[in-house]
Undergrad: 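Please find one structure pasted underneath; my questions will follow.
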Amino acid sequence: MSYGDFKLSPSYNPHAVEKAVQEFWDRNKIFDKWKSWRGRPVYAFLEGPPTTNGMPHVGHIRGRTYKDVVLRFHRLLGYDVWVQGGWDMQGMPVEWEVEKKLKLRSKKDVEQYGLEKFALECNALVEEYLQYWREWGTRRLGLWLDLENAYETRRPRYLEYAWRVVKRAHEAGLLAEDYRVLWFCPRCETSLSDHEVALGYEEREDPSIYVKFRVEGSDNEYLVIWTTTPWTIVDNEAVAAHPGYAYAKVEVVVGERREYWWLAERLVSQLMQLFGVKEWRVIETKRGEELAGLRYVHPLAEEVPERASREHRVVTAEFVTLEQGTGLVHIAPGHGPEDFELAKRYGIRVTNSVEVNGIYNELGGKYRGKHVYDVDKEVVKDLKAKGLLVYEDKIRHEYPHCWRCGSKLILRADRQWFITISRIRDKMYSELQKVNVVPQKLRDRFDVFVQNARDWNISRSRVWGTPLPVWRCKKDGRILVVGSLDELKKLAKEVPPVDDFKLVHRPWIDQVKIATEDCDEWVREPYVMDVWLDSGVAWLAAVDGERNKELWGKLFPYDFVTEGIDQTRGWFYSLLATSVLYTGRAPYKTVLIQGLILDKHGQKMSKSKGNVVWAKDLFEKYGADPVRLYILSKAAPWEDLSFDPDEVRHVLADLGILWNVARFADTYMSLDGFDAERYPLEEWLGRGLEEDRWVLSELNSLVAEFASYLKNFEFHKAVAMWRDFVVETLSHRYLRLLRRRVWSDEPTPDKYAAYAVLHHVIKTVLILASVFTPFVAEYLWQAYVRKYEKSAPESVHLAQYPQAGPVDKELVEAYRELFAAFSALAEARNKAGIKLRWPVRVAYISGAKHAGRYAELLKYLGNVKEVKIGPCPEGYVKAAEGQLEACIPPKLEPELYYEALAREIVRRIQVMRKEAGLEISDSIKVVVETNSEDVKNAVEHYRDYIARETRAVDLLIGQATGGREWDISGERVRIEIKKA
RNA sequence: GGGCCCGUGGCUUAGCCCGGUUAGAGCGCCCGGCUGAUAACCGGGAGGUCCCGGGUUCAAAUCCCGGCGGGCCCA
């Protein structure tokens, strides 16, 4: 039971299979042969590069399985495939982990540690993770990506494409330096993009305070505002009222004092109740626009004297609502995007006294040197002490946190660099309309996101990233954008003595001294770029496109990309943006958006919950093929998938059946000396039986539909259909029919025809399986297919997708009916209490269309002497299957009793043969000892039958010296067998 | 706060777009049977408020509205 190194062991063992196959692939360079180009049409895949930070888990495995299926399928279809791997190796996640490892708490710590050492640590860290990704995220999965030629975003030849794109943006007037309010992480000391902010929304509890601002020139008239960020009051510059809303001046008595509070009229009674004010009355109302211009005293004028020196007043704004707060909105232009816009409109000063690290600077007066998180509490205390705090509460709301370190984010105004996406948004949208986004139902999200796309903040105040290639003239502030490393070298007056790899990274790049005729000293803007720009230029950078135009021209736009739904706003977007900017076109033709991976309870996987399933654990426990098959069959790729490791064993059973089908074939083909080249299907099919033509019809349907499902990315349907064919049609049905033909020693032509058919079916089924379970398909190809067909391709992965032959629909229909009739017959036997081993004289079938066609097979399957077509005689036991009805006599016929006993004896001998470990071809001697005359008569009558079925050369009735005692229908029978 | 997806026996799910026999299947469970490829298979059975409530309709798992639970996205 072996061919070469591939043995068909009694049962399927994924680990042994995968190990043997991996060695075979390596030794024979199958992957190289698979990926090499033969001048065929190219199917170009662009790898969404995993961040080599953290270990691959089942979510990655899901996406990477889909990639592999699509690539293998297209190779089978005859395409030359482009399967370059890629790795995303820079960015904040890497820095964050290094900081944790080195126990660095702030950017100052990093600087003290040394930027050079820090950058090298980051590089070492991604290098380390890369090994895991190569092994567990790729090789052990059986994912055939070209890792030798994988692109790496940290390489000079790669990252300079991000520079090219920025330069192109600059030339097109799309690079902007702007002062804007952005989210910052004070811990990481950098701004974040919209995408990064979106990753970190979490519910939290914050203060919810109502504060009164005293109206200038009065000692008891106030404007009442509401905020959840007390620290921003330090930088308050105005109060906004809606121009159309009514505002009330409310006379209130608090303690001993009589005061006048301004707030929205509609909210007065509910707020008075909230504040616990019992005595109040409205004495005047004004519309917001009438209130405008009213001046007030900054509530922290004493704490921050600078503020007292300026005037503050009420302005109007449409964005004011009455859903929360008081209808009067505290405006801190340095800490809110709407506030900022309003300030620009009214010429109000933008004050930001908070530095990037969250510490107040000299503009912060009393709060100078303190951290924003502490000031948040201190401001409340100070307001309370000054009697300006009207009411204090807590609020639970969704608020953004840093996606890496979890710190509460703050909004602050700062100078940053942008790509003004708003100006190419329409072009991006129209290009996106040409892309096939799968599934249709998720494309809306992508469309909407692109239509609403905002300018892209690309600058980050970090270290381990692609440096922003913008230099500024120290003298006059002009800027210079460098588009490549060569260009930089040409411009440089002085270059640090390091290799190119270091030269394109911080801190070394900042040691480059540039001077030009018109400017003595250029200074680089101290930023790196958003990491999404790194992977975003892969459509060009992966193949160093500007230097390899011919290759790039064959690949672009790429046929296929696929990632998770979260990448709609991530990579899918950054690819589209940079490509439209640079080439005016979308960089891909088809985008497959994958659903999320959840744990078995439908919960999102996260490290903190501890429910992450790691690739390594999964493969070590189950093997890659079962995991792949499970993932593929459980859900459509775009649906969320709840992953339950225990369910993997279900698909294991299916692969076990595939394995056993090959073993079955091997068992009999080797006994009978079958050879696919000596018995070609085309010649021998004519000598076969109808069931052979039936199974080929079923196979042809499979071949056609499997391909059409895969083309639509309906992997789950393709796999389900394959499974159904292998388990039901092939194993349960066809092989059951085949038994009677293969057991015979006679070299009948129909047996060889059956072998030719079976061989063709198994071979075809393995080629289809090669796209989703590449290891076991290869193993069986080597162990079985190549054993019986020497000229078969060296590897199943070098085969071609089979041509689908004709389908005889009527034949398929007839066989469907046959198995329904058998099912009804079995049910009738069950009711009558007659087991299948006992022959039945006659069965009637009615309501069938094709009964005449398969009567012989039904006799065999149902162990019936005669099948009659027609209605049931009186007193017979009936059972129905749909329209079809089967019935049998209610009692066993006496004349069939000996035959029944003979079958019982055969069955016992077969069990004993197997227990004795005999080969199928071994002959035996049998002794039967019994007092039962019936059993003795049965043996005498059916001596030839028993001998033939059990390969007995000698069958005696007499004294057994050993063996085993059985109970056959109440009779004690001792049977002894010996190898002849 | 806004948008979207999901919710079907113990578990996993098909059906829903396009309303219409008895809601189908796999796993598990119980009973019976088969078996020299098969820890497989075949027959039968138990097991369902199709998340809840309302509406449309002769008729709703399916269409509409409102909840609840899980998830995603946007703010």
Side-chain angles (χ1 to χ4, degrees), chain A residues 1 8 10-12 194-195 197-199 201 321 323-324 337-338 397-400 439-442 444-446 448-449 452 564-566 568-569 593 595-604 630 633-636 638-644 646-647 649-654 656-668 716-717 720 723-724 727-728 730-733 735-736 738-739 742-743 819 822-838 861-863 879 881-882 903 906-907 909-922 949-951:
Chain A
M1 290 244 184
L8 278 172
S11 65
Y12 165 56
D194 291 346
H195 171 85
V197 174
L199 290 172
Y201 272 89
T321 73
E323 279 166 26
Q324 276 178 316
E338 290 167 320
H397 60 168
E398 295 279 316
Y399 191 89
Q440 192 60 36
K441 70 171 184 178
L442 293 182
D444 289 353
R445 283 189 173 197
F446 200 176
V448 167
F449 187 73
N452 298 330
I565 187 169
D566 47 321
T568 305
R569 282 142 188 93
I593 302 180
L596 296 161
I597 197 111
L598 308 169
D599 75 5
K600 64 176 166 181
H601 305 295
Q603 300 287 312
K604 197 179 171 183
Y630 169 66
S633 46
K634 171 125 186 188
W638 45 82
E639 303 284 355
D640 293 350
L641 189 156
S642 304
F643 188 95
D644 183 354
D646 293 334
E647 288 173 355
R649 62 198 167 82
H650 296 169
V651 300
L652 206 56
D654 295 336
I657 290 172
L658 174 67
W659 185 270
N660 286 318
V661 168
R663 261 175 69 83
F664 175 94
D666 182 46
T667 300
Y668 295 104
H716 57 307
K717 289 188 182 171
R723 193 218 83 102
D724 189 65
V727 174
E728 305 296 336
L730 179 56
S731 174
H732 296 172
R733 295 179 175 170
L735 259 46
R736 188 179 187 124
L738 227 48
R739 275 224 171 90
V742 300
W743 181 246
F819 291 103
F822 174 46
S823 172
L825 190 55
E827 189 179 343
R829 276 180 169 277
N830 219 11
K831 282 184 184 165
I834 300 171
K835 35 169 139 174
L836 186 56
R837 202 140 56 211
W838 293 33
L861 288 173
N863 194 13
E881 187 76 22
R903 289 183 74 134
V906 166
R907 171 75 197 128
I909 295 172
Q910 301 290 38
V911 170
M912 292 176 73
R913 282 184 63 112
K914 193 169 191 181
E915 282 172 358
L918 298 179
E919 296 292 323
I920 286 173
S921 50
D922 287 338
E949 289 296 317
T950 62
R951 301 236 152 110

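By convention in this document, chain letters (A, B, ...) are assigned in the order of the sequence lines, proteins followed by strands, and residues within each chain are numbered from 1. Since we're looking at a predicted model, the values are computed, not measured. These numbers come from the heavy atoms of this one structure, side chains and all, not from hydrogens, waters or symmetry mates.
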Undergrad: Please produce a list of atom pairs where a protein N or O lies less than 3.5 Å from an N or O of nucleotides 30-33 of chain B.
TA:
unit_1 : atom_1 : unit_2 : atom_2 : d
B/rG32 : O2'    : A/N830 : OD1    : 3.3

Undergrad: Using the C1' atoms only, state how far B/rG70 lies from B/rC63, rounded to an integer number of Å.
TA: 24 Å

Undergrad: Considering non-hydrogen atoms only, spot the tightest contact between A/D654 and A/V727 and give its length.
TA: OD1-CG2, 3.8 Å

Undergrad: Quick one: label A/E647 by what it contacts on the DNA or RNA (base, sugar-phosphate, nothing), any heavy atom closer than 4.0 Å.
TA: sugar-phosphate

Undergrad: With P as the reference atom in both, quote the distance from B/rA23 to B/rA46 in angstrom, rounded to an integer.
TA: 13 Å

Undergrad: Do A/L8 and A/W659 come close enough that some side-chain heavy atom pair is under 4.5 Å?
TA: yes

Undergrad: Does B/rG69 pair with anything, Watson-Crick or G-U wobble, both distances under 3.5 Å, and if so, with which nucleotide?
TA: B/rC6

Undergrad: With rounding to the closest Å, how many angstrom separate the C1' atoms on B/rG45 and B/rG9?
TA: 14 Å

Undergrad: Does the structure show a Watson-Crick or G-U wobble partner for B/rG1, both distances under 3.5 Å? Name it, or say none.
TA: B/rC74

Undergrad: Just jot down the side-chain hydrogen bond (donor to acceptor under 3.5 Å, both in side chains) partners of A/R951, sequence neighbours excluded, or say none.
TA: A/D745

Undergrad: Rounding to a whole Å, what distance do you find between A/L8:CG and B/rA37:C1'?
TA: 10 Å

Undergrad: Atom CZ of A/F664 to atom P of B/rU38: distance rounded to whole Å?
TA: 11 Å

Undergrad: Paired with B/rG48 by Watson-Crick or G-U wobble geometry, both distances under 3.5 Å: which nucleotide is it?
TA: none

Undergrad: So, using ring-ring contact (aromatic ring centres under 6.0 Å, His included) as the criterion, who are the partners of A/W838 when residues are at least two apart?
TA: A/Y897

Undergrad: Would you call A/F819 and A/E728 a side-chain contact if the rule is heavy atoms closer than 4.5 Å?
TA: no

Undergrad: Quick one: does A/L641's side chain get under 4.5 Å of A/L596's, heavy atoms only?
TA: no

Undergrad: Separation of A/D644 atom CG from B/rU12 atom C1', in whole Å?
TA: 9 Å

Undergrad: Determine: side-chain N/O of A/T667 to OP1/OP2 of B/rA37, distance under 4.0 Å, yes or no.
TA: no

Undergrad: Looking only at atom P, what distance separates B/rG3 and B/rC51, rounded to whole Å?
TA: 23 Å

Undergrad: Assuming nearest nucleotide by heavy-atom distance, tell me which of A/A653 and A/E827 is located more 5' along RNA chain B.
TA: A/A653

Undergrad: For the pair made of CH2 in A/W659 and P in B/rA40, what is the distance, rounded to whole Å?
TA: 18 Å

Undergrad: Under a 4.5 Å cut-off applied to non-hydrogen side-chain atoms, are A/R829 and A/N863 in contact?
TA: yes

Undergrad: Please answer whether the main-chain N or O of A/G595 pairs with a side-chain N or O of A/D640 as donor and acceptor at a distance below 3.5 Å.
TA: no

Undergrad: Nearest-Å distance, CG (A/N660) to P (B/rU35)?
TA: 18 Å

Undergrad: Suppose we screen for salt bridge (Lys or Arg N to Asp or Glu O under 4.0 Å). Which residues come up paired with A/E647, at least two apart in sequence or across chains?
TA: A/K634

Undergrad: Kindly indicate whether the side chain of A/S731 and the base of B/rA37 share any N or O donor-acceptor pair separated by less than 3.5 Å?
TA: yes

Undergrad: Please write out the pairs of protein N or O atoms and N or O atoms of nucleotides 13-15 of chain B separated by less than 3.5 Å, giving the distance to one decimal.
TA:
none

Undergrad: Specify the residue among A/D922 and A/S11 whose closest nucleotide of RNA chain B lies further upstream toward the 5′ end.
TA: A/D922

Undergrad: Can you name the atoms? Protein N/O to nucleotides 22-28 of chain B N/O, anything below 3.5 Å, with the distance.
TA:
unit_1 : atom_1 : unit_2 : atom_2 : d
B/rC27 : O2'    : A/H650 : NE2    : 3.1

Undergrad: So A/Y630 and A/V651, do their side chains get closer than 4.5 Å, heavy atoms only?
TA: yes

Undergrad: Counting only Watson-Crick pairs (N1-N3 plus N6-O4 or O6-N4) and G-U wobbles (N1-O2, O6-N3), all under 3.5 Å, who is the partner of B/rC11?
TA: B/rG26

Undergrad: Between B/rG1 and B/rA59, how far apart are the C1' atoms? Round to whole Å, please.
TA: 39 Å

Undergrad: What is the distance, rounded to the nearest whole Å, between atom CG of A/N452 and atom P of B/rC74?
TA: 11 Å

Undergrad: When all nucleic acid strands are considered with a 4.0 Å heavy-atom cut-off, which category describes A/L825: base, sugar-phosphate, or nothing?
TA: nothing

Undergrad: Let's see if you can work this out: which of B/rA40, B/rG43, B/rC73 has an atom nearest to the side-chain heavy atoms of A/I657?
TA: B/rA40

Undergrad: If you compare every side-chain N and O of A/H732 against the phosphate oxygens of B/rC42 (OP1, OP2), does one of them come in below 4.0 Å?
TA: yes

Undergrad: Side chain of A/R739, base of B/rU38: donor and acceptor closer than 3.5 Å?
TA: yes

Undergrad: Would you check if the side chain of A/Y12 reaches a backbone N or O of A/N660 as a donor-acceptor pair within less than 3.5 Å?
TA: no

Undergrad: Could you check how far CD1 of A/I565 sits from P of B/rG3, rounded to whole Å?
TA: 17 Å

Undergrad: What's the gap between B/rU56 and B/rC4 when it is taken at their C1' atoms, as a whole Å value?
TA: 25 Å

Undergrad: Are any of the side-chain heavy atoms of A/L735 and A/V661 separated by less than 4.5 Å?
TA: yes

Undergrad: Using whole Å, report how far CD1 of A/I593 lies from P of B/rC73.
TA: 13 Å

Undergrad: Considering non-hydrogen atoms only, spot the tightest contact between A/E827 and A/A879 and give its length.
TA: CB-CB, 3.7 Å

Undergrad: Just do the side chain to side chain contact (heavy atoms under 4.5 Å, CB included) check on A/I593 and A/W638 with the steps written out, would you?
TA: CA-CA 6 Å; A/I593 302 180; A/W638 45 82; 5.8 Å; no

Undergrad: In whole Å, what separates the C1' atom of B/rC68 from that of B/rC52?
TA: 7 Å

Undergrad: Counting the atoms with a prime plus P, OP1 and OP2 as sugar-phosphate, which does A/R829 contact under 4.0 Å by heavy atoms, base, sugar-phosphate, or nothing?
TA: nothing

Undergrad: When the P atoms of B/rC42 and B/rC5 are compared, how many Å lie between them, rounded to an integer?
TA: 38 Å

